[in-house]
> 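Here's a structure for you.
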2 protein chains.
Amino acid sequence: MVDAVRLGWFEFATGFHLRKAQEASFAAFKRLVGGIDIRVGHFATLMLIGENPGINQTTLGRAVGRDKSSLTPILDDLVERGLVARKRSVQDRRRYGLTLTEEGEAMRATLAASATEHEKALAACVSPDDLAHFVRILKRIARIMPD
Amino acid sequence: MVDAVRLGWFEFATGFHLRKAQEASFAAFKRLVGGIDIRVGHFATLMLIGENPGINQTTLGRAVGRDKSSLTPILDDLVERGLVARKRSVQDRRRYGLTLTEEGEAMRATLAASATEHEKALAACVSPDDLAHFVRILKRIARIMPD
DNA sequence: TATTGTTATACTCTATAACTATA
DNA sequence: TATAGTTATAGAGTATAACAATA
């Protein structure tokens with residue numbers, strides 16, 4: 001049974017469609033990397049450590065919009081799997097500098113390939129001309145809305 | 001301490017910014033309706049029942065992208081608070097027809113006002129010319145990505 | 001046999017608060 | 001006193017599976 005549901009006001013509710021688009025994109029990405037045993041939170045963490053070697057957990061948390069305590073189990077897992085190394089800073093012994101191991105770098109390359117695939121799938125929804133503009137709007141929303 | 005974090009590849013990762021924009025929009029909406037004791041899941045449910053009187057739970061779940069079992073506790077709460085009425089269908093006694101009570105309708109009107117405010121806040125991030133196009137892209141992503 | 005809705009249950013993700021150790 | 005990171009814990013939000021009632 002396929003019932004037509006009137007969205008009514010929701011037809012134009014940006015927040016509602018933002019959520020559905022995000023969920024769809026998320027689900028598609030999960031399916032894409034389904035063969036690789038890694039979660040999306042792990043993915044972002046791995047990519048950002050690769051891009052910012054020596055970054056600490058608090059800074060990393062701010063970048064992905066999560067509390068530092070939320071990152072602890074993710075990092076525990078990545079370290080245990082030999083993908084990330086925690087090195088205590090000599091200048092400030094409270095901090096750990098995070099870096100990718102060789103294996104972590106290899107995993108990052110593999111995941112980056114999946115991510116590129118995923119971007120291609122998104123490109124089927126947004127013309128190349130519009131994509132940059134689209135992402136710019138998303139960034140503006142993320143930056144401005146909280147105030 | 002404000003560290004600059006290199007996003008690197010992430011700079012262009014649509015999915016990443018989609019998530020951050022969705023979270024920012026969600027947080028802003030929560031703050032807006034903060035005075036009203038209602039959650040976002042409840043909000044969508046209330047709006048869609050108002051727009052589709054007599055809708056059943058399975059159909060409603062499909063519209064919001066949730067399993068029917070996820071809606072049961074939400075509906076229990078809305079019914080207990082006198083906002084929604086469950087009426088067993090006479091044609092098919094397995095189904096309940098969902099409608100808003102008078103109080104539910106009043107709540108819907110109040111929430112719709114908040115939602116309109118929220119859309120105005122979003123309009124500060126997307127020009128009126130672009131907004132319709134932006135939402136169209138979001139819908140396309142939600143429709144196409146899962147395949 | 002299939003479907004609607006409920007229940008029991010468990011999992012993921014996340015934050016808060018209290019803690020240790022350093023500064 | 002303040003900060004980096006960990007631990008314990010709790011709360012959303014969600015899905016899966018088994019179930020009862022009905023089709």
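Being a predicted model, the structure only gives us computed values, none of them experimental. Per chain, numbering begins at 1; letters A, B, ... match sequence-line order.
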> Which sits closer to the 5' end of DNA chain C, A:Gly65 or A:Val90, going by the nucleotide each is nearest to?
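Taking each residue's closest nucleotide, the earlier one in sequence belongs to A:Gly65.
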> Which whole-number value in Å describes the distance from B:Lys68 NZ to D:dA20 C1'?
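Going from B:Lys68 (NZ) to D:dA20 (C1'), I get 12 Å.
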> Check A:Lys139 with B:Glu11, please: is the shortest side-chain N to carboxylate O separation under 4.0 Å?
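Salt bridge present between B:Glu11 and A:Lys139.
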> When all nucleic acid strands are considered with a 4.0 Å heavy-atom cut-off, which category describes B:Asp67: base, sugar-phosphate, or nothing?
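Counting heavy atoms under 4.0 Å across all strands, the contact made by B:Asp67 includes a base.
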> When you check the gap from the basic side-chain N to the acidic O, do B:Glu23 and B:Lys20 get nearer than 4.0 Å?
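Between B:Lys20 and B:Glu23 there is no salt bridge, as every charged N stays at least 4.0 Å from the carboxylate O atoms.
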> Has A:Arg39 got a side-chain N or O lying under 4.0 Å from the OP1 or OP2 atom of C:dT12?
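Affirmative; the distance criterion is met.
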> Taking OP1 and OP2 of D:dT22, is either one under 4.0 Å from a side-chain nitrogen or oxygen of B:Arg94?
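No, outside the criterion.
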> Classify the side-chain pair A:Thr101/A:Glu103 by whether it contains a donor and acceptor separated by less than 3.5 Å.
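No - no donor-acceptor pair under 3.5 Å links their side chains.
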> If the plane angle is over 60° it's perpendicular, under 30° parallel, otherwise tilted; pick one for B:Phe43 and B:Phe29.
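B:Phe43 and B:Phe29: tilted rings.
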> Mind calculating the distance between CZ (B:Phe26) and P (C:dT14) to the nearest angstrom?
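That distance rounds to 12 Å.
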> Atom CG of A:Asp77 and atom C1' of C:dC11: how far apart are they, to the nearest Å?
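These atoms are roughly 15 Å apart.
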> Nearest to the side chain of B:Asp92, heavy atoms from C-beta on, is which of C:dT14, D:dG5, D:dT22?
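Within the option list, the nearest is D:dT22.
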> Give a yes/no on whether any side-chain N or O of A:Ser69 is located under 4.0 angstrom from OP1 or OP2 of D:dT6.
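Looking at the OP1 and OP2 atoms of D:dT6, neither is under 4.0 Å from any side-chain N or O of A:Ser69.
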> Can A:Ser127 and A:Asp129 be counted as having a side-chain donor-acceptor contact under 3.5 angstrom?
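Per modelled atom types, A:Ser127 and A:Asp129 side chains form no pair under 3.5 Å.
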> With a 4.0 Å cut-off on heavy atoms, is A:Glu23 in touch with a base, just the backbone sugar-phosphate, or nothing at all?
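Nothing, no heavy atom under 4.0 Å.
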> Rounded to whole angstroms, how far apart are CZ on B:Arg88 and P on D:dA20?
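Result: 15 Å.
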> With rounding to the nearest 0.5 Å, note down the distance linking CG in A:Leu111 to NE2 in A:His42.
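Spacing of CG (A:Leu111) from NE2 (A:His42) equals 11.5 Å.
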> What integer distance in Å separates A:Ile74:CD1 from C:dT14:P?
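Going from CD1 in A:Ile74 over to P in C:dT14 covers 7 Å.
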> What integer distance in Å separates A:Arg62:CZ from D:dA4:C1'?
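In whole Å, D:dA4 C1' lies 12 Å from A:Arg62 CZ.
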> Looking at A:Ser70, I'd like to know whether one of its side-chain N or O atoms comes within less than 4.0 Å of OP1 or OP2 on C:dC13.
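Answer is no, no contact under 4.0 Å.
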> Using whole Å, what does the distance between atom P of nucleotide D:dA15 and atom NZ of A:Lys30 come to?
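Nearest whole value for this atom pair: 10 Å.
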> C:dT6 phosphate, OP1 or OP2: any side-chain N/O from B:Gln57 under 4.0 angstrom?
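Affirmative; the distance criterion is met.
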> Tell me whether the side-chain N/O atoms of B:Arg93 come closer than 4.0 Å to OP1 or OP2 in D:dT22.
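Affirmative; the distance criterion is met.
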> Report the distance from atom CG of A:Leu60 to atom CG of A:Leu48, rounding to the nearest 0.5 Å.
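Here the rounded value is 6.0 Å.
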> At 10 degrees resolution, what angle do the end axes of the helix from C:dT1-D:dA23 to C:dA23-D:dT1 form when each is taken over five base pairs?
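Roughly 10°, once rounded to the nearest ten degrees.
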> Among C:dT6, D:dT14, D:dT6, which is the nearest nucleotide to the side chain of A:Thr72?
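Among C:dT6, D:dT14, D:dT6, the one nearest the side chain of A:Thr72 is D:dT6.
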> Measure from CD1 on A:Ile38 to P on C:dT12 and round the result to the nearest Å.
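Going from CD1 in A:Ile38 over to P in C:dT12 covers 15 Å.
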> Toward the 5' end of DNA chain D, which comes first, A:Arg19 or A:Leu71, by nearest nucleotide?
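This one resolves to A:Leu71.
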> Are side-chain N/O atoms of B:Asn56 and B:Thr59 paired as donor and acceptor at under 3.5 Å?
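B:Asn56 vs B:Thr59: donor-acceptor pair found between side chains.
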